[in-house]
Amino acid sequence: MITLSSDFGSPYPAAMKGVILRDSDARIVDVSHEFPRQDVPGAAFWLREVLPYFPPAVHCVVVDPGVGTDRAAIVVRVGDHAIVAPDNGVALPAARAIADDGDVIEVFEIETDEPASATFHGRDVFAPMAAAVHEIGVDSLHEVADLVRADGYEELAFPEPTVSQTGASGAVLVVDGFGNAITNVPGEAIEDRFGQQVRINGEPAPVRRTYATVDPGQRLVTVGSHGNVELAVNRGRGDEAFRVGAGDRVELSY
Amino acid sequence: MITLSSDFGSPYPAAMKGVILRDSDARIVDVSHEFPRQDVPGAAFWLREVLPYFPPAVHCVVVDPGVGTDRAAIVVRVGDHAIVAPDNGVALPAARAIADDGDVIEVFEIETDEPASATFHGRDVFAPMAAAVHEIGVDSLHEVADLVRADGYEELAFPEPTVSQTGASGAVLVVDGFGNAITNVPGEAIEDRFGQQVRINGEPAPVRRTYATVDPGQRLVTVGSHGNVELAVNRGRGDEAFRVGAGDRVELSY
Amino acid sequence: MITLSSDFGSPYPAAMKGVILRDSDARIVDVSHEFPRQDVPGAAFWLREVLPYFPPAVHCVVVDPGVGTDRAAIVVRVGDHAIVAPDNGVALPAARAIADDGDVIEVFEIETDEPASATFHGRDVFAPMAAAVHEIGVDSLHEVADLVRADGYEELAFPEPTVSQTGASGAVLVVDGFGNAITNVPGEAIEDRFGQQVRINGEPAPVRRTYATVDPGQRLVTVGSHGNVELAVNRGRGDEAFRVGAGDRVELSY
């Protein structure tokens, strides 16, 4: 199985699929091609939330604002999974989330002399490598042509929230397609306050378990499916109602 | 085969696919993840139009404005198909459309003690159930864990049009991505009037078989691929030209 | 393998998939359902860029502003590929790009008496034909029911650029989802000018190999993954910055 993730929209991923299907008969599963454009932390967040639900697979990830520069291309092995991606940190949070106890994260670098277009490494570098890794097997990365153990690699860490007895201080990590603003504040910060009010950036909002417990159009603070505090509106957009976007600070006070 | 339908956009459906692929090797086919947000009648319409074209399958449907409330989750069996969905009526028009003569619609309720996130039952309830039904088989729903025969279930009916000798009175059911306003008025109401004019909400419009028989930008009234009267514009948006949206009344007069 | 391409958005392609899966167990791969609406040259461009990367397949293409008129429906055979499409030229550039040396392009016409909706031939004509061709095999098109050798067919040619010693004169073929304006001017026109400036429609712009070599928000002229000159903005939209859209003229002067 090969999963595909990118910020390419349509139709560029189809060329990647064609390349993969020329070289393998892997089942292909689209994770998303609608990641926020050239937003490496945003894509890293979604991959961390989604890839751990998959069975062992080769994950081909292309969110790559540095395409055509000298940024490296890597393959990250963790357990029975491999993630093929640019070396910009996008794969690391997902790799750590996939890792079971005792799993080590190993990183290989793609060293190829093949001519690649300067602008579409998804088709010319990452898709062929994903197919090659799939065919040889995640256990045998040392046998894959053009792959060598990396000396180092780019890390990526999400901003850390602070939680205190009077509230929490954090940031919006991403806004999903519904307009829910997903923060880095752990759900524990509000989990004994359902039914009560808190303040978000100074303004009061009710803490609720589910969207439908407030009227349509009303704001709420909830624990999202990722386990984090979310700023939402029932049948509306939380990012607009709370006036926040990805990266903005969120002060939660009891 | 498991089909997936939701209003989730991207990337939430990928987590559902991961969960399904952990538990089964079913072929997964996306019906749509772009259903109108939290619009149960709209989704029910599209499912009724699309699912009957599929061979026997497990259809996993998540358009669920009541997620996290005490609405039930159900599995609807009809013929060799099963539809896994929230108990809000979204599955019923499709089930009736799939039913052949003599097919009975049976409804089971999902009773699970598994912890689920309050907000993402697609991943935590519906996808695992779709995989379980697929693995055990639609004929053996009584053997699926956490599934019991339902005492009752929510129905959903589309508004009924009235057709008379002077025209028809109905409503817009949905607007498709092209901007065609699909009504509940049966195509028979105009099928002997191609080439003539009718009035829609008082304004004249030509009745045509195909979009291309009027100039680009011009309005027309036609019979859509669903067999219903559609308000359209050749290479444009019928909803804007006729100033109607989902739920609005449509008075057609000869 | 059957690939699907259309301008249908969602959920109409799902009905096509259902029809195909009733008649065959082909692997289905979506190329795109987001082609520019009813833009035959735009779709023809993307198909030419993407389909040659695929292994032998049946490609089902529906971009069909003439649906319901007397335009013919055809199957184009080239090598081990077949393209099922309306006879409006959309398939021809891709067929020529797929053709290896010595491959001949053969065109068959779909002659069916089956009732089809006037507006959804994707579901009623093209999908069933794609499944039939897949089941019988591209080598045996003469055995497919309702398929006869065509007397002729519609061609489609992209506008030809002119390249001189002082620059090049061409047009924008398509704008991709990133906002890159892809022209018909061959990359050779600028390939010895990286690092220099040229003028685009009179205004200076730097020629660069990659987006990331200019600051975010800055314009550049580059060679895209298709080998053509592209007008782009690093992390922005080239079409807006250069004020061009599909079909607009592009004068490049050194």
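Numbers restart at 1 for each chain; the letters A, B, ... are given by sequence-line order, proteins then strands. Side chains included, hydrogens not; waters and symmetry mates left out as well; all remaining heavy atoms used.
When side chains are defined from C-beta on, S5(B) does not count as touching V63(B), because their heavy atoms never get closer than 4.5 Å.
Comparing R27(B), R22(B), M16(B), Q38(B) by how many heavy-atom pairs each has under 4.5 Å with chain A, the most go to R22(B). Between chain A and the residues G9(B), A15(B), A14(B), the most heavy-atom pairs under 4.5 angstrom are made by A14(B). When each of D176(A), N180(A), V223(A) is checked for heavy-atom pairs under 4.5 Å with chain B, D176(A) comes out on top. Interface remark: of the candidates G66(B), P13(B), P65(B), P65(B) forms the most heavy-atom pairs closer than 4.5 Å to chain A. Contact count versus chain A (heavy atoms, under 4.5 Å) is highest, among D23(B), L21(B), V67(B), for L21(B).
Between R243(B) and D248(B), none of the side-chain N atoms (NZ, or NE/NH1/NH2) sits under 4.0 Å from a carboxylate O, so this pair counts as no salt bridge. A salt bridge does not link K17(B) to D30(A): none of the charged side-chain nitrogens sits closer than 4.0 Å to a carboxylate oxygen.
Taking the six-membered ring where the residue is Trp, H121(B) and F126(B) present tilted rings, their angle falling between 30° and 60°. Ring-plane geometry between Y12(B) and F120(B) is classed as perpendicular, the angle between the planes exceeding 60 degrees on a 0 to 90 degree scale with a lower cut at 30.
Interatomic distance, W46(A) CH2 to L51(A) CG, rounded to the nearest 0.5 Å: 12.5 Å.
For a residue to count as touching a neighbouring chain, one of its non-hydrogen atoms must lie under 4.5 Å from one of that chain's; by this rule D7(B) touches chain A with backbone and side chain alike. When heavy atoms are compared at a cutoff of 4.5 Å, F8(B) approaches chain A by way of both its backbone and its side chain. Of the two parts of V29(A), only the side chain, counted from C-beta on, holds a non-hydrogen atom closer than 4.5 Å to a non-hydrogen atom of chain B. Using a 4.5 Å cut-off between heavy atoms, R123(B) touches chain A through its side chain atoms alone. Heavy-atom distances place no part of D39(B) under 4.5 Å from chain A, backbone and side chain included. When heavy atoms are compared at a cutoff of 4.5 Å, P52(A) approaches chain B solely by way of its backbone atoms N, CA, C and O.
No more than 12 heavy atoms of other residues, nucleotides or ligands lie within 6.0 Å of CG in D151(B), so this atom counts as exposed by the packing criterion.
Both tests pass for R37(B) against the ring of F178(A): distance under 6.0 Å to the centre and angle within 45° of the axis.
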